[in-house]
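Nothing here was measured: the structure is a model prediction, and the numbers come from that model. Residue numbers count from 1 along this sequence.
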Amino acid sequence: MAEAKEKHNVKDSVFVDLFGKDKTARKNFISLYNALHGTALKLEETNLVPEMIENTLYMAYSNDVAMQVNGRIVVLIEHQSTINNNMPLRLLDYVARIYEHIVPAKMKFYRRMVKIPVPEFYVLYNGTDNYPETGEMRLSDAFMYPEEEGKPDELSLELVRKACREKKEEPLTWAVQKAIRQGILEDYFKRKSTELSA
């Protein structure tokens with residue numbers, strides 16, 4: 001059990017490091033963003049601002065990767081090796097904390113509307129349980145409605161989850177070695193090989 005948790009933590013830390021903290025994180029994030037959006041943004045022409053939420057007394061957990069892209073979009077990407085049907089609720093927490101950071105508290109009381117980046121939410125799943133290639137989960141699926149009224153046609157609050165399943169279920173070390181052999185993120189994995197094999 002402890003070994004499984006340790007492997008889970010290693011996968012999480014590699015994902016966060018690769019797309020959020022390493023010296024090549026911005027370049028890697030742009031590649032991932034382009035893959036998700038079908039775009040061809042270039043790193044040197046794109047303004048990226050990390051929006052990480054660290055563990056604090058107020059919040060007992062942190063998000064994986066979040067970036068503002070050109071000040072107009074805030075992209076939140078979570079990496080999961082287990083299926084979690086509460087991701088919309090978790091992502092709601094994350095984006096609320098990010099907006100608190102982006103918008104000074106006093107501006108919320110201004111008469112004029114404060115403009116905020118539109119949020120996008122993605123969950124990348126690489127667990128072993130069967131799950132659809134892509135899927136969508138809504139925050140409203142968790143809402144409790146009065147029995148006599150049922151679910152309304154329109155809702156006041158909604159979050160969307162897009163899930164992409166990675167098909168490889170082999171151990172992390174196998175995947176890293178294969179990536180190095182194929183020249184995929186070779187420099188990154190060679191620099192981090194000690195941490196990955198620990």
Report task. Mind listing the closest non-hydrogen atom pair of Gly71 and Pro117 along with its distance? Result -> O-CG, 3.9 Å
Query raised in the report: Going by the angle between their ring planes, with limits at 30° and 60°, are His37 and Tyr122 parallel, tilted or perpendicular?
Result: perpendicular
Requested in this report: Please tell me if the side chains of Ile73 and Tyr33 come closer than 4.5 Å, counting only heavy atoms from C-beta onward.
Outcome: yes
**Report entry** Heavy-atom side-chain contact between Pro119 and Val74 under 4.5 Å
**Finding:** yes
Query raised in the report: Is the shortest side-chain N to carboxylate O distance from Arg97 to Glu51 below 4.0 Å?
Result: no
**Report entry** Asp22 side chain to Asp17 backbone, donor-acceptor under 3.5 Å
**Finding:** no
Requested in this report: With the side chain counted from C-beta on, respond yes when Ser81 and Tyr125 share a heavy-atom pair under 4.5 Å apart, and no when they do not.
Outcome: no
Query - Between CD on residue Gln80 and CG on residue Asp64, distance to nearest 0.5 Å - result: 7.0 Å
Report task. Compare all side-chain heavy atoms of Val75 with those of Gln68 and state whether any distance is below 4.5 angstrom. Result -> no
Report task. With rounding to the nearest 0.5 Å, note down the distance linking CG in Leu18 to CG in Leu32. Result -> 9.0 Å
Query raised in the report: When rounded to the nearest 0.5 angstrom, what is the spacing between CG in Leu91 and CD in Glu120?
Result: 12.5 Å
Query raised in the report: Which distance, rounded to the nearest 0.5 Å, do you find between the CG of Leu48 and the CG of Asn70?
Result: 7.5 Å
Query raised in the report: Going by atom types only, do Asn34 and Thr39 share a side-chain donor-acceptor pair under 3.5 Å?
Result: yes
Query raised in the report: Are a donor atom and an acceptor atom from the side chains of Asn28 and Tyr188 found within less than 3.5 Å of each other?
Result: no
Report task. Hey, could you give me each pair passing salt bridge (Lys or Arg N to Asp or Glu O under 4.0 Å) that has a residue in residues 24-41? Not counting sequence neighbours. Result -> none
Requested in this report: Could you check if a side-chain atom of Arg72 sits within less than 4.5 angstrom of a side-chain atom of Val118, using non-hydrogen atoms only?
Outcome: no
Query raised in the report: Quick one: are Phe29 and Leu43 in side-chain contact, heavy atoms under 4.5 Å?
Result: no
Report task. Please assess Asn63 against Met52 for the test side chain to side chain contact (heavy atoms under 4.5 Å, CB included), listing each intermediate value before the final yes or no. Result -> CA-CA 6 Å; Asn63 65 321; Met52 301 304 293; 4.0 Å; yes
**Report entry** Note, Tyr145 side chain near Ser140 side chain (heavy atom, < 4.5 Å)
**Finding:** yes
Query raised in the report: What do you reckon, is OH of Tyr110 surrounded by more than 12 foreign heavy atoms closer than 6.0 Å?
Result: yes
Query raised in the report: Rounded to the nearest 0.5 Å, what separation is found between the CE atom of Met67 and the CD1 atom of Ile98?
Result: 11.0 Å
**Report entry** Joint cluster assignment, Leu92 & Phe143, ILVMFWY side-chain distance < 4.5 Å
**Finding:** yes
**Report entry** Spacing of Met87 atom CE and Leu76 atom CG [to the nearest 0.5 Å]
**Finding:** 9.5 Å
Query raised in the report: Mind checking whether Leu124 and Phe15 have side chains closer than 4.5 Å, heavy atoms only?
Result: yes
Requested in this report: For Val103, enumerate each residue passing the side-chain contact (heavy atoms from CB on, under 4.5 Å) test, keeping only those at least two apart in sequence or located in another chain.
Outcome: Met107, Lys108, Val114, Ile116
Query - Residues which pass side-chain contact (heavy atoms from CB on, under 4.5 Å) with Ser31, listed by chain and number, not counting sequence neighbours - result: none
